[in-house]
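Have a look at the structure below before the remarks.
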There are 2 protein chains.
Amino acid sequence: MPRNKSDQNREEKRDEIVTAARSLFIKDGFEATPINRLARAAGVSANTIYWYFKDKDEVLVAVLDGELNARMTEYLKVTFTNHTERLLWVVNQLEEVSLLVSTVHTRLQSSAAINVWHERFHAMTEGLLRAEMQTLGVASEKMDALVKISVFAVEGLLSHDVSGSDKTSICEALATGW
Amino acid sequence: MPRNKSDQNREEKRDEIVTAARSLFIKDGFEATPINRLARAAGVSANTIYWYFKDKDEVLVAVLDGELNARMTEYLKVTFTNHTERLLWVVNQLEEVSLLVSTVHTRLQSSAAINVWHERFHAMTEGLLRAEMQTLGVASEKMDALVKISVFAVEGLLSHDVSGSDKTSICEALATGW
DNA sequence: CATTCTCTTGAATGGCAATCAAGGAGAATT
DNA sequence: AATTCTCCTTGATTGCCATTCAAGAGAATG
């Protein structure tokens, strides 16, 4: 609960900017969205964005947090028949925000904020994946390697434009071994 | 053999620029190397670079071709005791040019020239890898999936800063199955 | 009513890739 | 030898972009 009207407006306004940013970053991409366009879409001037956010990367982090939250909520509601299905679902979700994914990997190097977000994201997803794979009976010595291979494979699928059937067989191979 | 002195100079000058670019792009990164700095390092003015190259990406492609050539020559000379060794060798080579690797994945999206180079690179490496894995007795139905998983895993290793022991166990898992 | 705090904006600033416009230097043609 | 032509080089400019500066307006507070 905000302490006063001023704080309330602050959050609302911030959210409006994030909402506009989410739509533009996902549809056109972060790099293809100058601050000015974002400002116009949010109905403010460019400088107003800098009142609410330190820089463009901080807007991106807010968008990422929002998307992650929404998709994680979704994830917890879905039940999967097997691990292959689960991986394919994740790939599909990430493909809907593939421009965000590649932007994160790009800006990682130059933005500390994005770097931190990325690390947390990996820690979280690797944790979830490890738990799932334990129930599948993956040997603990190979666990770390297999978790990372799975994560890297999913990331590769997102950035390398692979046929649908290859996607399926890759997820199957990850889930069932060779 | 160049047809005249003019052509000869042209190639030499081009090479000087590429040599300077190679060193800067590998050490500092492509994005952190403005055309002006590159020009100074090559002993020419910025515009001269645009006489020899269409744009900055074309310089990058020339650098990539040179590095690829050098490392492929090296690769053909080395003999490996097993597939794990081979994968680790490749990872080590790529780590020496990790800034180039991440730049390629970044500029892929905005530069047609880099995109083409990247596709060729993948076609080549996947071809080599497939041949190796055939000798290891990988089932042909799973071949495409396993090749791509290996490539994606190697790319993941490069961009995600993984401990040395994890690198080894990942390459082992890729080489021996799970 | 003066002061301060929150918010907003138009106008810089500075970095960068890329282009323009103006030559110079040597080879080929007259 | 003079002229033209082609290759090469460069200083100055353009245009895009993120970010900062400087100047306020309006509400809240003393």
Just do the side chain to side chain donor-acceptor pair (under 3.5 Å) check on B:Tyr75 and B:Arg86 with the steps written out, would you? CA-CA 9 Å; B:Tyr75 174 78; B:Arg86 184 192 313 276; 3.0 Å; yes
Distance check needed: C:dC7 P versus A:Glu16 CD, whole Å only. 13 Å
Result for side chain to side chain contact (heavy atoms under 4.5 Å, CB included) between A:Val101 and one of A:Val154, A:Thr106, A:Leu94 points to A:Leu94
Would you say A:Tyr50 and A:Ile35 make side-chain contact, with heavy atoms under 4.5 Å? yes
What integer distance in Å separates A:Lys13:NZ from D:dA27:C1'? 15 Å
Verify the cluster assignment for B:Val78 and B:Leu88: are they in a single hydrophobic cluster under the rule of side-chain heavy atoms below 4.5 Å apart? no
Examine C:dT8: is either OP1 or OP2 under 4.0 Å from a nitrogen or oxygen in the side chain of A:Tyr52? Give yes or no. yes
Residue pairs meeting side-chain hydrogen bond (donor to acceptor under 3.5 Å, both in side chains), one or both in residues 19-41 of chain A, sequence neighbours left out, come to A:Glu31-A:Thr103
With sequence neighbours left out, which residue pairs that include part of residues 137-149 of chain A fulfil the side-chain hydrogen bond (donor to acceptor under 3.5 Å, both in side chains) condition? A:Glu126-A:Lys148, A:Arg130-A:Asp144
CD1 of A:Ile49 versus P of D:dC17: gap in Å, rounded? 14 Å
What is the ring orientation for A:Trp89 with A:Phe80, classed by angle as parallel under 30°, tilted 30 to 60°, or perpendicular over 60°? perpendicular
N/O (side chain, A:Trp51) to phosphate O (OP1/OP2, C:dT8) under 4.0 Å: no
Do A:Phe30 and A:Leu99 land in one hydrophobic cluster if side-chain heavy atoms of ILVMFWY residues count as linked below 4.5 Å? no
Between protein and nucleic acid, restricted to nucleotides 19-21 of chain C and to nitrogen or oxygen atoms under 3.5 Å apart, what atom pairs and distances do you find?
unit_1, atom_1, unit_2, atom_2, d
C:dT19, O4, B:Asn47, OD1, 2.8
C:dT19, O4, B:Asn47, ND2, 3.3
C:dC20, N4, B:Asn47, ND2, 3.0

Does OP1 or OP2 of D:dC7 have a side-chain N or O of B:Arg10 closer than 4.0 Å? no
Find out if a path of hydrophobic residues (ILVMFWY) with successive side-chain heavy-atom gaps under 4.5 Å connects B:Val151 to A:Trp178. yes
Under a single-linkage definition using a 4.5 Å side-chain heavy-atom cutoff for Ile, Leu, Val, Met, Phe, Trp and Tyr, are B:Ile149 and A:Val138 assigned to the same hydrophobic cluster? yes
C:dC7, OP1 or OP2 - any side-chain N/O from A:Thr48 closer than 4.0 Å? no
Within residues 104-117 of chain B, which residues have any heavy atom lying less than 4.0 Å from an atom of DNA chain C? none
Rounded to whole Å, how long is the line connecting atom CG of B:Asn9 with atom P of C:dA27? 10 Å
Going by number, which of residues 20-38 of chain A have a non-hydrogen atom under 4.0 Å from DNA chain C? none
Which nucleotide, D:dT19, C:dA18, C:dC7, lies nearest any side-chain atom of A:Asp55? D:dT19
ring-ring contact (aromatic ring centres under 6.0 Å, His included) pairs touching residues 118-164 of chain B, sequence neighbours excluded, are A:His105-B:His160, A:His118-B:His160, A:His122-B:His160, A:Phe152-B:His160, A:His160-B:His118, A:His160-B:His122, A:His160-B:Phe152, B:His105-B:His118, B:Trp117-B:Phe121, B:His118-B:His122
Nearest to side-chain heavy atoms of A:Lys56, which nucleotide of D:dA18, D:dC7, C:dC7: D:dA18
